[in-house]
There are 2 protein chains.
Amino acid sequence: MSKMHKEHTLTKNQQIIFDLIDKSPEPMKAYSILFNVQKKGINAPLQVYRALDKLVEIGKIHKIESRNAFIACHNSSCQVAKATAFSICEICEKVTEISSTGLSKYLANFKDKDGMKYSKYNLEFFGLCKKCTLK
Amino acid sequence: MSKMHKEHTLTKNQQIIFDLIDKSPEPMKAYSILFNVQKKGINAPLQVYRALDKLVEIGKIHKIESRNAFIACHNSSCQVAKATAFSICEICEKVTEISSTGLSKYLANFKDKDGMKYSKYNLEFFGLCKKCTLK
DNA sequence: TAACATTATGTAATAATATAACATTAATAT
DNA sequence: ATATTAATGTTATATTATTACATAATGTTA
Ligand SMILES: [Zn+2]
Ligand SMILES: [Zn+2]
Ligand SMILES: [Zn+2]
Ligand SMILES: [Zn+2]
């Protein structure tokens with residue numbers, strides 16, 4: 001049997017935290033998440049970080065490394081947790097996941113001169129979004 | 001007169017911290033830097049972070065975002081503080097700056113479908129270095 | 001030079017991000 | 001049923017980074 005797209009049933013904490021991130025229009029930071037889910041019985045940072053770790057691992061969310069923040073994946077439950085690219089507006093901090101076949105092919109095939117084999121990459125572009133360019 | 005490569009004269013703190021990072025075989029973290037320069041009269045985190053900020057700004061060092069660590073630029077005093085690419089070994093944590101004309105051209109010219117104009121990017125590849133592959 | 005502006009420094013306190021350690025419970029596999 | 005693995009709850013602590021404020025050094029201009 002070929003390796004299929006495994007459906008991960010989220011646990012209660014994972015689901016609560018995913019739902020929150022998923023409906024957020026912007027990347028969320030761990031302690032902001034914590035603050036928002038305390039009414040639902042999640043009290044400690046570690047509970048948040050554990051859920052975040054798992055969600056990142058299964059590709060439901062991604063971490064924006066330069067911002068220490070998390071966004072939901074909208075590439076129809078991302079197969080590409082290991083190949084991520086984002087655009088980040090340096091004024092309004094809007095973050096968008098880039099899904100470009102050309103880009104991902106180029107990067108997946110990229111070989112450096114040391115012949116290192118890559119299994120994963122993360123790319124963050126910075127600039128001004130349309131809205132902020134017009135201001 | 002054309003825009004030339006500006007030589008930045010480093011201040012005392014900046015020089016001390018740059019020298020330390022420059023001779024380190026691996027990326028250094030801020031508090032490890034602090035520990036190492038205390039004998040030279042740099043006592044507080046803020047002194048380190050201020051020097052790091054400046055050194056990053058002028059392209060003498062780069063921050064490895066996924067590791068919260070800093071490495072010296074070895075692209076002959078990098079013009080490309082705004083266009084960085086690294087390979088990171090997930091076992092030994094060896095980090096190498098990638099300098100590939102093809103890659104940087106490709107990324108500099110990349111346009112997403114929203115037509116966002118990028119002024120900067122950071123790319124981190126993950127995998128196993130040669131040494132770790134053989135183990 | 002004097003006045004002003006800009007950049008860097010020193011120091012203390014604190015904020016923000018993330019993990020260690022340990023006990024317990026739930027879910028899965030044999 | 002039992003063993004194993006994964007998830008949870010809780011407390012404490014480690015790590016990373018910034019705010020606020022006072023002072024000193026440097027660069028610019030008149
Ligand atoms: Zn995605
Ligand atoms: Zn914007
Ligand atoms: Zn460089
Ligand atoms: Zn290695």
Side-chain angles (χ1 to χ4, degrees), chain A residues 1 6-21 24 26-71 81 88 90 93 95 122 124, chain B residues 6-21 24 26-71 88 90 93 95 122 124:
Chain A
M1 179 177 170
K6 169 81 182 303
E7 268 312 323
H8 287 272
T9 312
L10 301 184
T11 64
K12 182 166 152 284
N13 288 1
Q14 289 162 10
Q15 189 70 57
I16 290 170
I17 287 172
F18 175 74
D19 288 344
L20 179 68
I21 297 172
S24 168
E26 63 214 10
M28 293 196 75
K29 306 196 134 213
Y31 276 72
S32 158
I33 292 167
L34 175 57
F35 177 79
N36 276 277
V37 296
Q38 279 180 327
K39 46 186 168 270
K40 303 215 170 170
I42 294 175
N43 304 301
L46 192 46
Q47 293 176 291
V48 172
Y49 280 105
R50 283 196 285 224
L52 290 173
D53 285 351
K54 191 66 187 185
L55 290 167
V56 166
E57 186 193 325
I58 65 182
K60 299 281 289 182
I61 66 173
H62 303 301
K63 182 172 188 181
I64 310 302
E65 292 287 356
S66 66
R67 299 299 187 261
N68 298 317
F70 300 84
I71 64 170
I88 303 171
E90 290 187 295
E93 291 291 328
V95 174
N122 179 58
E124 299 180 6
Chain B
K6 169 84 180 302
E7 267 313 321
H8 288 270
T9 312
L10 300 185
T11 65
K12 182 167 151 285
N13 288 2
Q14 289 160 11
Q15 190 69 59
I16 290 169
I17 287 171
F18 174 73
D19 288 344
L20 178 67
I21 296 172
S24 168
E26 62 213 12
M28 292 195 77
K29 307 196 132 211
Y31 276 72
S32 158
I33 291 167
L34 175 57
F35 178 80
N36 276 277
V37 297
Q38 279 180 326
K39 48 187 167 266
K40 304 213 170 170
I42 295 175
N43 303 301
L46 190 49
Q47 294 175 292
V48 173
Y49 280 104
R50 283 197 285 224
L52 290 174
D53 285 351
K54 191 67 188 184
L55 291 168
V56 166
E57 185 193 326
I58 65 182
K60 299 282 289 181
I61 65 172
H62 303 301
K63 182 173 187 181
I64 311 302
E65 292 287 356
S66 65
R67 299 299 187 260
N68 299 316
F70 301 84
I71 64 170
I88 303 171
E90 291 188 293
E93 292 292 326
V95 174
N122 179 57
E124 298 181 5

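Letters A, B, ... mirror the listed sequences (proteins, then strands); counts begin at 1.
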Review point. Rounded to the nearest Å, what distance is computed from the NZ atom of residue A:K40 to the P atom of nucleotide D:dT8?
Key: 15 Å

Exercise for review: Give a yes/no answer on whether the side chain of B:K63 brings an N or O atom under 4.0 Å of OP1 or OP2 in D:dA17.
Suggested key: yes

Review point. Do any N or O atoms from the side chain of A:E124 and from the backbone of A:I64 form a donor-acceptor pair under 3.5 angstrom?
Key: no

**Study point:** Between D:dT15 (P) and B:I33 (CD1): distance, integer Å
**Key:** 15 Å

Review point. Can you find a donor-acceptor N/O pair under 3.5 angstrom joining the side chain of B:Y31 to the base of D:dA14?
Key: no

Check your understanding: Which one is paired to C:dT6, where only Watson-Crick or G-U wobble pairs with both distances under 3.5 angstrom count?
Key -> D:dA25

Revision key, fill the gap. With the side chain defined as heavy atoms from C-beta on, B:Y49 is closest, among C:dA8, D:dT8, D:dT18, to D:dT18

Review point. What's the CG-P distance between B:L34 and D:dT18, to the nearest Å?
Key: 15 Å

Check your understanding: What is the distance from CD of B:E57 to P of C:dA8, rounded to the nearest Å?
Key -> 8 Å

Review point. Should A:K63 and A:N68 count as side-chain neighbours, where that means a heavy-atom distance under 4.5 Å?
Key: yes

Review point. What is the base-pairing partner of D:dA14, counting Watson-Crick and G-U wobble geometry with both distances under 3.5 Å?
Key: C:dT17

**Study point:** Residue mapping more 5' on DNA chain C - nearest nucleotide basis, B:I42 or B:N68
**Key:** B:I42

Review point. To the nearest Å, how far apart are B:D53 CG and D:dT19 P?
Key: 11 Å

Practice item. Check the pair A:E93, A:I88 against side-chain contact (heavy atoms from CB on, under 4.5 Å), reporting the backbone distance first and the verdict last. Key: CA-CA 6 Å; A:E93 291 291 328; A:I88 303 171; 4.2 Å; yes

Practice item. Counting heavy atoms from C-beta on, name the nucleotide in C:dA18, C:dG10, D:dT11 closest to the side chain of B:R50. Key: C:dG10

Point to revise | Integer-rounded Å distance: C:dA8 C1' and B:I58 CD1 | key: 13 Å

Point to revise | Derivation and outcome, side-chain contact (heavy atoms from CB on, under 4.5 Å), residues B:L10 and B:L55 | key: CA-CA 9 Å; B:L10 300 185; B:L55 291 168; 3.9 Å; yes

Check your understanding: Under 4.0 Å between a side-chain N/O of B:T11 and OP1 or OP2 of C:dT9, yes or no?
Key -> yes

Review point. Is any side-chain heavy atom of B:I61 less than 4.5 Å from a side-chain heavy atom of B:I17?
Key: no

Check your understanding: So does B:N43 get a side-chain nitrogen or oxygen closer than 4.0 Å to the phosphate oxygens (OP1/OP2) of C:dT11?
Key -> yes

Review point. Taking only N and O in the side chain of A:Q47, is any of them less than 4.0 Å away from OP1 or OP2 of D:dT8?
Key: no

Point to revise | Which residue lies more 5' along DNA chain D, comparing B:K29 with A:A44 via nearest heavy atoms | key: A:A44

Review point. When the distance from CG of B:L52 to C1' of C:dT9 is rounded to whole Å, what number comes out?
Key: 15 Å

**Study point:** Nucleotide C:dA15, atom C1' - distance to CG of B:L46 in whole Å
**Key:** 13 Å

